[in-house]
Amino acid sequence: MAKPAVHPAASSPDMPEAVARWVQEVRALTEPKAVHVCTGSDAEAAELTEQLVRAGELLPLNAERYPRCYLYRSNPNDVARVEHLTFVCTKSEADAGPNNHWMAPDAAHRKMDELFRGAMRGRTMYVVPYCMGPIDSPYARCGVEITDSPYVALSMRLMTRMGDAALARIGRDGVFVRGLHSIGELDPERRFIMHFPEELSIKSFGSGYGGNALLGKKCHALRIASWQARTEGWLAEHMLLLALESPAGETHYVAAAFPSACGKTNLAMLVPPASMPGWKVRTLGDDIAWLHPGPDGRLWAINPEAGYFGVAPGTNAKSNRNAYDMVRHDTIFTNVALTAEGDPWWEGLEGTPAIDWQGRPYDPKNGPAAHPNSRFTVSARNNPCYAAESDAAAGVPLSAIIFGGRRRALAPLVFEARDWRHGVLVGAGVASETTAAITGKVGVLRRDPMAMKPFAGYNFGDYWQHWLAIGERLTRPPKLFHVNWFRQDAGGRFLWPGFGENLRVLKWMIERVAGRAGALDTPIGAMPAREDLDLDGLELPPASLAELLAVDAPAWRSDLAHLAGEFDQYGARLPPVMRRELDEVLKRFG
Ligand code: OXD
Ligand code: MN
């Protein structure tokens with residue numbers, strides 16, 4: 001084997017010994033033609049971009065209207081997360097739990113190392129050091145991703161604090177998550193995403209799609225971090241994080257867990273309706289939050305990410321003005337369509353597509369012009385309502401945590417859990433109709449506890465126990481709520497307008513936190529009466545509101561019976577408190 005060319009930083013004295021040793025091991029296994037250690041500089045990003053453009057992998061968009069924006073088309077067989085090919089590899093199968101696919105670590109390493117052997121021949125290997133969380137935060141955790149995809153290296157620069165500063169922190173911490181990635185041949189038969197939480201490592205082969213390939217995101221910041229969090233006494237959650245400022249200047253921080261493609265990015269960037277002047281929403285994060293009990297008995301949160309990998313379809317000036325403006329420069333689009341002028345296009349935008357997401361002349365017979373899971377990758381700093389607190393080392397104290405799903409029936413617009421323990425049951429009961437973010441059927445209702453079904457790196461029974469234990473440490477816990485923006489009437493029409501109008505529900509929540517808003521006690525929790533919600537300026541038929549706030553006892557009893565059945569899978573790992581809380585709700589129904 002010819003000795004690969006090494007970017008100067010690869011032999012820099014600053015590279016921590018443990019990283020250097022691992023890089024050499026991977027190099028010997030994968031046999032790249034060159035090694036490039038990413039510094040995170042602007043010049044490096046420009047060079048990688050140019051190289052991808054020359055190779056035809058990035059297509060520059062209309063430079064006047066979308067400066068420094070590019071289109072990337074992934075392989076049509078590689079457009080979403082692949083849960084059936086995603087494994088948690090713990091020594092004991094029970095530790096991964098019935099909520100994960102499991103493989104024994106030895107067998108998984110053997111399988112993956114066979115795939116990686118010689119996989120980078122003729123390619124450059126990028127060593128991508130990154131930090132999840134503000135670089136000087138005690139709550140941040142670092143990783144190194146080794147990848148043969150320059151698109152992944154560039155995207156990691158947008159999504160994380162990537163480069164020299166992260167490498168320096170790894171030297172100080174002495175601990176980092178090892179993530180090895182190769183696009184392989186993009187063969188769905190040779191595609192696996194393996195997690196080794198006990199070793200803090202990840203091996204991902206055969207996919208270039210963000211959720212499978214940008215290892216700092218789902219693989220590290222959720223699956224591995226949730227395990228790390230359990231051993232260290234914190235929580236890694238699939239939650240947006242926002243700051244809500246009232247006209248009186250009172251700021252509350254709110255986290256919200258919804259399954260993929262259920263509007264986390266839209267809620268995190270909410271634009272208040274004209275009829276609610278003086279309210280402001282600022283975004284700290286749109287997908288992941290790491291939560292820590294603070295010395296003051298409150299729960300504090302950071303967003304480990306530094307960018308957004310958001311769903312494009314449906315994003316427009318009306319649904320999310322901030323996102324619409326945010327992606328007008330310095331953005332990488334994946335699998336969107338193009339107009340004749342070279343603008344990116346997706347369903348929900350005005351104008352007409354000329355070229356579809358696969359690069360073919362647009363023909364409606366071929367389905368949507370943009371892939372339903374097409375994405376934008378963009379730095380959070382592009383967001384017009386970016387919250388400066390995103391960089392606070394200690395994070396922000398939470399007033400409320402919201403759970404929710406996409407449910408056409410049953411779950412009302414909003415309800416409040418009685419206390420933390422009841423809230424853990426409410427979170428465990430989250431269910432949602434599946435979306436295009438994962439490979440498989442769309443629109444099927446499935447349980448997605450805490451919106452973490454695809455992302456919890458260990459047994460849900462232990463995870464709920466951990467949530468309960470965190471609650472015991474909080475003397476001033478956030479209030480826990482459940483929302484459903486997606487209720488439909490018998491004709492399939494949405495009952496609630498959603499988007500900016502969701503502020504009305506957030507307002508009720510923070511007024512509950514401040515002890516100023518009323519509520520009705522119901523068997524499932526506290527709910528606003530009509531007069532408790534600020535509906536000024538909103539035209540909502542009274543019958544719609546009544547349906548949105550109704551509690552259908554027989555339907556709830558049957559949903560709870562289903563949840564009890566789900567709990568059975570966890571056997572002795574299910575905390576007895578969960579059954580007691582569930583029985584309590586049933587008792588309230590009488
Ligand atoms: C995402 C997802 O991409 O949850 O955020 O699938
Ligand atoms: Mn997500």
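Atoms within a ligand are numbered from 1 in the order they appear, just like the ligands themselves.
Under a cutoff of 6.0 Å and an axis angle of 45°, Arg282 and Tyr386 do not form a cation-pi pair. Phe455 carries Lys218 over the face of its six-membered ring, with the cationic atom under 6.0 Å from the centre and within 45° of the normal.
When ring centroids are compared, Phe567 and Phe460 stay outside the 6.0 Å threshold. Ring to ring, Trp346 and Trp357 are not that close: their centroids are 6.0 angstrom or more apart. Between His292 and Trp300, a ring centre-to-centre spacing not shorter than 6.0 Å is recorded.
Ring geometry, Trp290 versus Trp234: the interplanar angle falls from 30° to 60°, so the pair is classed tilted. Using the six-membered ring where Trp is involved, Tyr151 and Tyr72 have ring planes that are parallel, under 30° apart on the 30 and 60° scheme.
Tally of protein N, O or S atoms closer to the Mn ion (ligand 2) than 2.8 Å: 3.
The backbone N or O of Asn373 lies less than 3.5 Å from a partner atom in the side chain of His371, making a donor-acceptor pair.
Using a 4.5 Å cut-off on side-chain heavy atoms (C-beta onward), Leu267 and Val281 make no contact.
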Give every pair made of an N or O atom of ligand 1 and a protein N or O atom lying under 3.5 Å apart, one pair per line with both atom names and the distance to 0.1 Å, or write 'none'.
unit_1: ligand 1; atom_1: 3 (O); unit_2: Arg375; atom_2: NH1; d: 2.9
unit_1: ligand 1; atom_1: 3 (O); unit_2: Arg375; atom_2: NH2; d: 3.2
unit_1: ligand 1; atom_1: 4 (O); unit_2: Lys218; atom_2: NZ; d: 3.0
unit_1: ligand 1; atom_1: 4 (O); unit_2: His238; atom_2: NE2; d: 3.3
unit_1: ligand 1; atom_1: 4 (O); unit_2: Ser260; atom_2: OG; d: 2.5
unit_1: ligand 1; atom_1: 5 (O); unit_2: Lys218; atom_2: NZ; d: 3.0
unit_1: ligand 1; atom_1: 5 (O); unit_2: Asp287; atom_2: OD1; d: 3.2
unit_1: ligand 1; atom_1: 5 (O); unit_2: Asp287; atom_2: OD2; d: 3.3
unit_1: ligand 1; atom_1: 6 (O); unit_2: Arg81; atom_2: NE; d: 3.0
unit_1: ligand 1; atom_1: 6 (O); unit_2: Arg81; atom_2: NH2; d: 3.2
unit_1: ligand 1; atom_1: 6 (O); unit_2: Ser260; atom_2: OG; d: 3.0

